[in-house]
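Encoded as structure tokens, the structure appears first; notes follow it.
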2 protein chains.
Amino acid sequence: MTSKYERANASDGQSRIPDIVIGRLPIYLRSLKILLSQGQTVTNSQELGDRLGISSAQIRKDLSHFGEFGKQGTGYDVAYLCKQLEKILQVDCIWPVVLVGAGNLGHALASYAGFENRGFRIVGVFDNQPDKIGTHVGSLQVEPLTQLPAHVARHHCRIAILAVPTKAAQNVANLLVEIGIKSILCYAPITLNLPEGIRVEYIDPVIHFQHMTYYLEKDCLKT
Amino acid sequence: MTSKYERANASDGQSRIPDIVIGRLPIYLRSLKILLSQGQTVTNSQELGDRLGISSAQIRKDLSHFGEFGKQGTGYDVAYLCKQLEKILQVDCIWPVVLVGAGNLGHALASYAGFENRGFRIVGVFDNQPDKIGTHVGSLQVEPLTQLPAHVARHHCRIAILAVPTKAAQNVANLLVEIGIKSILCYAPITLNLPEGIRVEYIDPVIHFQHMTYYLEKDCLKT
DNA sequence: ATACATTTGTGCTAAAATACACAATGGAAT
DNA sequence: ATTCCATTGTGTATTTTAGCACAAATGTAT
């Protein structure tokens, strides 16, 4: 009795399902939840694809890696597919996340209300600048980095947000890995150098801007 | 006398250079600028690849789409390659950007000092909430949305940051397109529905989190 | 009951992206 | 001068990803 697929992970040399497919599932889930919130009970690969600018075949094939979730002639039950995707992505629960960096960005992230209903909760905010420690961000209080290891252990955190100044980012990342963090969302505009098995994703708006400008008619201020 | 490549754009049916290649150039540029700031004058595809977790062959092939920038046996002059990439990406100048949404995120973006030296400047912040209008974010003052069209025209803005609440995002995006914006960086967790030729890129941290959790050992709080 | 309209899941094909591997080149050392 | 070493740029092969197209299944209408 084997399951339809084996979960890919760091120790699993040959992941069965392409990462690019995994990367699309959260997009599908996000769109489905919007449909759900609008009271729509049924959808289909065509509709979903149109909304996302993805071909319907792509969506069907992606989903088919994990099982058969649709009904021929009808499509997909929105609530059911949501539930299934949440299970696949393991967001049918709340993951505790630590936030390092209590600057403007840290404040914005800590105050953001949209994490909770998508599977995540920021359980601690840390910074090393003395003037920040003790101040409130969202409903949390900024703690010194020395408190981080205990906090991560207590909450069993696997995920961290790195929102510190660029020059501090690599060192803080090293610390995060040391204390057991497995996945880092890095807002610093650098590529981190970390051991195998640690997953890092990056958010840098300038990367997106520079991608855009390639395609724009040039008509900007001279430096 | 034809140039080595024709620039891809919205009207150009067959873009010659894959978008995925364009998407990597800003990463290369970012890394090169760090090397430059550290005083390193020469690098090579191997070193760059190691830093970025990309194969050296990939980097060489990507660059080869645009010309021959290296020297055999030596590698690449860091400053020269930076300049070339900036020219290719059209960031050898400052692009004016308008920011819509003066919430926590808008504040963080407006206060961020890292845009200017990478080719971008936020030239206006707009919001419709009366209590926000007139307040200061960074060095700018929040203006009502009614001022947006004139502002975009005056500064020849082509790029906008969309940092408004989810429910307002589509409408504001439509407005942005109407007044001549060509590229939108959307922080709202939705997929926008916009006409052909408008480039939209998205930043949604939860998408990254959900990508990460697929690969994590499950060990999180039950809902 | 039967025919019809719809939509899935998937085998196969096509295209795109990546990796390999090496000739060509430039600089350094002898 | 010549040899040696390092590294590029690129033609080719391999792998990955996306798209096509249709049988199978399901519900609906007559």
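Just so it is clear, the model here is predicted, and its values are computed rather than measured. Naming convention: chains lettered A, B, ... in sequence-line order (proteins, then strands); numbering from 1 in each chain.
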Item to check | Rounded distance (nearest 0.5 Å) linking atom CD1 of Ile88(B) with atom NE2 of His65(B) | outcome: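 The NE2 atom of His65(B) is 11.5 Å from CD1 of Ile88(B), to the nearest 0.5 Å.
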Checklist entry - How about Lys71(B): does its NZ atom have over 12 heavy atoms from other parts shown lying under 6.0 Å from it? => result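 Counting other residues, nucleotides and ligands, NZ of Lys71(B) stays at 12 neighbours or fewer.
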Checklist entry - Which part of the nucleic acid, if any, lies within reach of Leu63(B) when heavy atoms closer than 4.0 Å are counted: base, sugar-phosphate only, or nothing? => result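 Nothing, no nucleic acid heavy atom in range.
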Checklist entry - Which part of the nucleic acid does Ser56(B) contact within heavy-atom distance under 4.0 Å: base, sugar-phosphate only, or nothing? => result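 Nothing, no heavy atom under 4.0 Å.
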To the nearest angstrom, how far is [X] atom [atom1] from [N] atom [atom2]?
X: Gln72(A); N: dT26(D); atom1: CD; atom2: P; result: 6 Å
X: Asp62(B); N: dA19(C); atom1: CG; atom2: P; result: 10 Å
X: Ile22(A); N: dT16(D); atom1: CD1; atom2: C1'; result: 15 Å
X: Ile59(B); N: dA17(C); atom1: CD1; atom2: C1'; result: 15 Å
X: His65(B); N: dT18(C); atom1: NE2; atom2: P; result: 10 Å
X: Ile54(B); N: dA17(C); atom1: CD1; atom2: P; result: 15 Å
X: Ile20(B); N: dA19(C); atom1: CD1; atom2: C1'; result: 14 Å
X: Glu68(B); N: dA23(C); atom1: CD; atom2: P; result: 18 Å

Checklist entry - Any side-chain N or O of Tyr76(B) under 4.0 Å from OP1/OP2 of dG9(D)? => result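 Yes, Tyr76(B) has a side-chain N/O under 4.0 Å of OP1/OP2 on dG9(D).
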Checklist entry - Looking only at side-chain N and O atoms, does Ser45(A) come under 4.0 Å of OP1 or OP2 in dT7(C)? => result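 Answer no for this pair, as no side-chain N or O of Ser45(A) is under 4.0 Å from OP1 or OP2.
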Minimum-distance nucleotide to [X] side chain [options: [options]]:
X: Arg60(B); options: dG11(C), dT18(C), dC22(C); answer: dC22(C)
X: Pro18(B); options: dG9(D), dG9(C), dA17(C); answer: dA17(C)
X: Asn44(B); options: dA21(C), dT7(D), dG27(D); answer: dT7(D)
X: Thr74(B); options: dT18(C), dA17(C), dG27(C); answer: dG27(C)

Item to check | Parallel, tilted or perpendicular: rings of Phe120(A) and Phe209(B) (30°, 60°) | outcome: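 Because their plane-to-plane angle lies in the 30° to 60° range, the rings of Phe209(B) and Phe120(A) count as tilted.
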Item to check | Among Tyr80(A), Tyr28(A), Phe69(A), side chain to side chain contact (heavy atoms under 4.5 Å, CB included) partner for Leu85(A) | outcome: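 Of the listed options, the one satisfying the test is Tyr28(A).
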Checklist entry - Can a donor-acceptor pair under 3.5 Å be found between the side-chain atoms of Lys61(A) and the base atoms of dG9(C)? => result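 Checked by distance alone, the answer is no.
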Item to check | Asp77(A)/Lys83(A) ion pair, N-O < 4.0 Å | outcome: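 So Asp77(A) does not pair with Lys83(A) through a salt bridge.
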